[in-house]
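Convention: sequence-line order gives letters A, B, ...; per-chain numbering from 1.
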Amino acid sequence: MRSYIIKRLFQSLIVVWLVSIVIFTTMHLTPGDPVTILLGQRDVSAEQMDKIRAKWGLDQPIVKQYLVWAGNAFQGDFGKSIAYNGVSVIDLVLHRVPNTALLNLYAFVLAIIIAIPAGIFSAVRQYSFFDYATSGFAIFAMSLPNFWLGLMLLIVFSVWLGWLPTFGIQSWKSYILPCISLAAMNAAILTRFTRSKMLEEQKQDYVKTARSKGVMEKNVIRKHVIRNAAIPIVTLIGYRFAYILSGTVVIEMVFAWPGVGRLLVESIFRRDYLVVQAITLVAAIIIVVVNLITDISYTFIDPRVHYD
Amino acid sequence: MKNLKSIFLACFVLCIFSIGPGTVQAAEDESKYGGTYILASHGDATYLNPFFPGRNSDQNIIFNIHEPLYRLNASYELEPVLAEKYEVSGRSWIFHLKKGVLFHDGEEFTAEDVKYTYEWAMDPENGAETKSNMSRIESIEIIDDYTVKITTKETYAPFMTSIANHRIVPKHYHEQMSAEEYNLHPMGTGPYKFKEWVPGDHVTLEAFADYRQGRPYIDYLKMVPIPEPSATAISLETGNIHSSDWPLKPEDTLRVIDSEKFHVYRGQSLAVNHYLMNHLNPFFQDKRVRQAMMYALSREATVNHLMKGLAAVAHTNISPSLPWYEDDVKKYSYDPEKAKQLLAAAGWTPGPDGILVNADGERFEITCELLMGDQLRGSQAEMDSQMLKQVGIEMKLNYSEMGVWVEKMVSGARGEWNYDLALMNWTFSRQTDPDSSEYFTPGGSNNWINWDDPEMTKLLEKGITTTDPDKRYEAYSQAQKIFAEEVPFLYIQFWDNVHFIAKEVKGVPDPSTVTWPFKPVHDIKDYWIAKD
Amino acid sequence: MSVWRRFVRHKLALVGALILLLIIFVAVFQNQLAPHDPYEVNPAFIGEGPSWAHPFGRDQIGRDLLSRVIYGTRVDLKVGFLATGISLVFGSLLGTIGGYYGRIPDMLIMRFIDTLMAFPMLLLTMLIVATLGSNINYLLIAIGLPLSARYARVIRSEVLSIREKDYVTAARALGGRDSGIIFKYVLINAFPPIIVLATFNVAEAILLEASLGFLGLGIQPPDPSWGSILGAGRAYLRSYPHIAAFPGIAISLCIFGLNFVGEGLRDALDPWLKT
């Protein structure tokens, strides 16, 4: 077991290192350099451009640039933003982390408090009206692209009805629409998943045994079914959480949300290398760590899982 | 009952005492103070530094923190700001500065700061964007604390525009730090001082209490970036913001005008909307081909339908709203037949698929470079490519991101052929001054189109080296005639710049007097927000 | 037989399959079905709302929106199926090589896969599009490459479990060539999970195209795709909301169809899920 954990840790480190190489090379292979984007339209001589490039170290050989960046990043220094002319990347990103984190946290909480009870009840009352209605709604919500849902909500609630703000964070009301847009698909997936896991567990032998022994149905569900169905459900939540950046990017663009996702998209467009590299690297580390924790915790939770 | 009576009495007494003009004024003035003005900007702030003032969004901030010696006001007239007056004789310009002007840290503004600022801009080491404004300066001399003498290298007519384009930084403060540090903590003599900048979220300025004309009424100016034009329109309509520094889509503009909740400032843009044309492409070398393309485009359809009438057809590179505009030039109305004749005369004959072919068997196929996400111009190019197809020219569209796009254009100035056409809006003058030599003369730093017409070069050179307004007018009028005859690029239209300020904001310029491109917050020191 | 019956019994899967067939029908017969030329600009009718002659209305330069959505169908299905195809072939190849040969090839491939999986999907796609450009072929690579990691994982684990099974050992003993054995047994056995995964991935690829189109990075105008129409409509949200609404409905329907065909297949192909 210990050797397995050490092995997984080592593999994860290699992956993070590979990610850093991939992200660095793709960014630098991309046509268009940040200095031209910043100054290209103005009356700036070629020497001036070279000077600015030198200031950002962009004139160095690419391998050296990588080593400098990776070395600094390893010590927690992600450098300075070119587009923001000198603002430290860490500051830039950290300012936005709470916005993205809170939005996603609320969206997750919303999805979970809707989905888990809905899933459990649908399973307990299988084929009831509630079950059909929930399934129908979940099926519908699952097929909506979140950014399109966001746009439509924006039209209805902000434009036509004028109830909710349209962009950025102005008050708690600003969270409502992006939250719903983000939560919809997760809630739908989670509802259906919870329902099917519950149904699966209900058909297990131990449940039948408990029932035949006369244990009250409420207790059967509470003590056995939910508890056993919880493991895969928690895993799914963890898995979806690791990939939040994918979902949040477009939603942040829709609602002009001052979060990490929008910073990332804008930085890709501006070729603000260091910002893109920092965000991607951190996102990748989160994914790797979540996967690592999931794998390792499996070995503790489920005695059937073995690794060699 | 007795209470009511005493209240009446008290009111009466108060009224009597407050009848004196001074007190009424003071009470009213007092109520003007306070509030936050929210401005939506198209992009986030990048450089809060008067040496790097290129972007619209940054200007809202920089221009309220820093001041120039002279400025162009809302009517684009020269107006003294930090200077009292100036004298000019030949190449020497003497500026008399105002006394008792304070920077935000309480230090006094003097001639030292002027010399320091201009010299910093001129120093190529610093890579200032404003360097070209100062490039004609030979020397700067401090005569006393409040007098500066500047000598230009030659007689240079647009010099005051350069002065108006450069804002002053405090020497004692700026020299202590790097340009990057300064960006994050700018300081000047302006009506507002820097409070905070949360990148991506907002920049906030605070009223400067010791401003020489008195503290501005509005407490804070807050600029929030809203990258989505439709979100900006919605935010205006729902009252979330007071104004936007970026024009809205024509449809949105008309609707916001109709809402009657805004002061509306409509002025013609100085930038011409045009297809930049790279003359290294041999197809474009025949004048008749360029003229034919002008005839092939229904610019009226673009103005009326796409722009909803919020634009005017262009006839030269200079905006009709400028006094330098020459109307007596060759004009091109929509005439596809004439276009076909001209193309035939230039040796182009229709090929099997309807697209023209020349003597060498080359198809008339060109590519127009567009910016990704540039909706309005993208639509325009799509409409125009259909019109060009009707005369046998195939215009393909290629969208790329900003960085790639700019590189293609800039490479044109280096004599490389990386694009055929590109649709953009650009000002071919120095604001109100008609100088466009850097765009149209060989070797000009922004001659992206590789244009070389000796006659035009001569006229443009004459235009900047004479100071007599009549002779200048004559030179530029001739240059415009050549421009319209030769068609260095396909000029389409001048957009109307429509800007809004919420009606609750008072003290704003009278919309009927503003005919120029208007910047909503450049005069915010005079505004106040009515409380309801 | 039993697979087919189980699939048909799954009501939602059947509905999904019908929708999908309809969408494929639209894509195939786009020339016959589109009421107007999807490229024909008409400045005088910019942004016109839905009417009998133009059921979806017109777009921001007066083109018939229904025709553009119809023409976009083929583009999107192409992106969905081809990108999935690319990832399937590439991923299967990696997984087979890794699983069958083990040791160093396997280690290299596994780290490569882990690296792909460590990127948020949309992010990697955006970066590849930014690097290569947004021509449709590059778009297929940008979407297909990140998706391939999943197939590689599935195939590899199938290969690992099947490699030691008796019939493969037997086949090898009988003198079968390695590649022959792999294709004959391993890929056939790995087919059920792969086909289910692929169905979901087509939906995901279409969603990615839409996201890229929305960000302005997808298929570029004047060519219609659901994502690019939606992206253009975003800018006219206030004035012409129908431009963004209709392609979104098309995307939702398509994803609905694919998701439930995928679920139906999963249930039908996985005998262990049945009780």
One option among A:Ile285, A:Thr280, A:Asn291 has the most heavy-atom pairs under 4.5 Å with chain C, and it is A:Thr280
If you tally heavy-atom pairs under 4.5 Å between each of C:Arg238, C:Arg234, C:Met126, C:Arg111 and chain A, the highest tally belongs to C:Arg111
What residue, out of A:Phe147, A:Trp160, A:Phe269, A:Trp148, has the most heavy-atom pairs lying under 4.5 Å from chain C? A:Trp148
If you tally heavy-atom pairs under 4.5 Å against chain A, which of C:Leu237, C:Leu217, C:Leu258 wins? C:Leu237
In terms of heavy-atom pairs under 4.5 Å, which option from C:Leu116, C:Leu207, C:Leu230 contacts chain A the most? C:Leu230
Work out which heavy atom in C:Val75 is nearest to a heavy atom in C:Pro224; give both atom names and the distance. CG2-O, 3.3 Å
Pick from A:Ala283, A:Ser158, A:Ser143 with the largest number of heavy-atom pairs that fall under 4.5 Å of chain C: A:Ser143
If I measure from the heavy atoms of chain A, does C:Leu215 come under 4.5 Å with its side chain, its backbone, both, or neither? both
Going by an N to O cut-off under 4.0 Å, is there a salt bridge joining A:Glu252 and A:Arg96? no
Where on A:Val276 is there a heavy atom nearer than 4.5 Å to chain C: the side chain, the backbone, both, or neither? side chain
Is it the backbone or the side chain of A:Leu264 that comes under 4.5 Å from a heavy atom of chain C, or both, or neither? side chain
Which atoms of A:Val265 approach chain C - backbone, side chain, both or neither, heavy atom under 4.5 Å: both
Between C:Phe214 and chain A, with a heavy-atom cut-off of 4.5 Å, which part of the residue counts as in contact: side chain, backbone, both or neither? side chain
Please name the pair of heavy atoms, one in A:Thr134 and one in A:Thr191, separated by the smallest distance, quoted to 0.1 Å. CG2-CG2, 3.6 Å
Cut-off 4.5 Å, heavy atoms of chain C, and the answer for A:Leu18 is both
Whether C:Arg58 and C:Glu48 form a salt bridge (side-chain N of Lys/Arg under 4.0 Å from carboxylate O of Asp/Glu) is what I want to check. yes
Could you walk me through whether C:Asn201 and C:Thr84 pass the side-chain hydrogen bond (donor to acceptor under 3.5 Å, both in side chains) test, one step at a time? CA-CA 6 Å; C:Asn201 277 357; C:Thr84 305; 5.9 Å; no
Residue selection (most heavy-atom pairs with chain A, distance under 4.5 Å) from C:Thr125, C:Leu132, C:Leu123, C:Ile206: C:Leu123
Tell me, for A:Met253 versus chain C, whether the close heavy atoms (under 4.5 Å) come from the side chain, the backbone, both or neither. both
Among the options A:Val19, A:Val288, A:Ile139, pick out the one with the most heavy-atom pairs lying under 4.5 Å from chain C. A:Ile139
Might you confirm whether atom CZ of C:Phe81 has over 12 heavy atoms from other residues, nucleotides or ligands at distances under 6.0 Å? yes
Please evaluate residues C:Glu209 and C:Ser225 with respect to the criterion side-chain hydrogen bond (donor to acceptor under 3.5 Å, both in side chains), reporting the C-alpha separation (whole Å), side-chain torsions for both, the decisive distance (0.1 Å), and the verdict. CA-CA 9 Å; C:Glu209 190 278 330; C:Ser225 81; 2.6 Å; yes
In terms of heavy-atom contacts, does CD1 of C:Ile104 have more than 12 from other residues, nucleotides or ligands at under 6.0 Å? no
Report which part of A:Leu149 has an atom under 4.5 Å of a heavy atom belonging to chain C: side chain, backbone, both, or neither. neither
Chain A heavy atoms under 4.5 Å from C:Asp114: which part of the residue, side chain, backbone, both or neither? both
Please test A:Tyr273 against A:His28 for ring-ring contact (aromatic ring centres under 6.0 Å, His included), starting from the C-alpha separation and ending with a verdict. CA-CA 8 Å; A:Tyr273 298 143; A:His28 286 257; 4.2 Å; yes
Considering non-hydrogen atoms only, spot the tightest contact between A:Met198 and A:Ala123 and give its length. CB-CB, 3.4 Å
Whatever's closer than 4.5 Å to a heavy atom in chain C on A:Leu144 counts as both
Tell me, for A:Leu29 versus chain C, whether the close heavy atoms (under 4.5 Å) come from the side chain, the backbone, both or neither. both
Heavy-atom pair of closest approach, residues C:Val196 and C:Gly262: CG1-O, 3.9 Å
With distance as the sole criterion, is a donor-acceptor pair present between the side chains of C:Thr131 and C:Tyr138 under 3.5 Å? no
Sequence neighbours excluded and cut-off under 3.5 Å, please list the side-chain donor-acceptor pairs for residues 248-255 of chain C, or say none.
{"residue": "C:Ser252", "atom": "OG", "partner": "C:Gly248", "partner atom": "O", "Å": "2.8"}

Part of A:Val249 lying under 4.5 Å from any heavy atom of chain C: side chain
With a 4.5 angstrom heavy-atom cut-off, which part of A:Trp17 approaches chain C: side chain, backbone, both or neither? neither
Quick one: which of A:Arg192, A:Met142, A:Met27, A:Met152 has the most heavy-atom pairs under 4.5 Å with chain C, could you say? A:Arg192
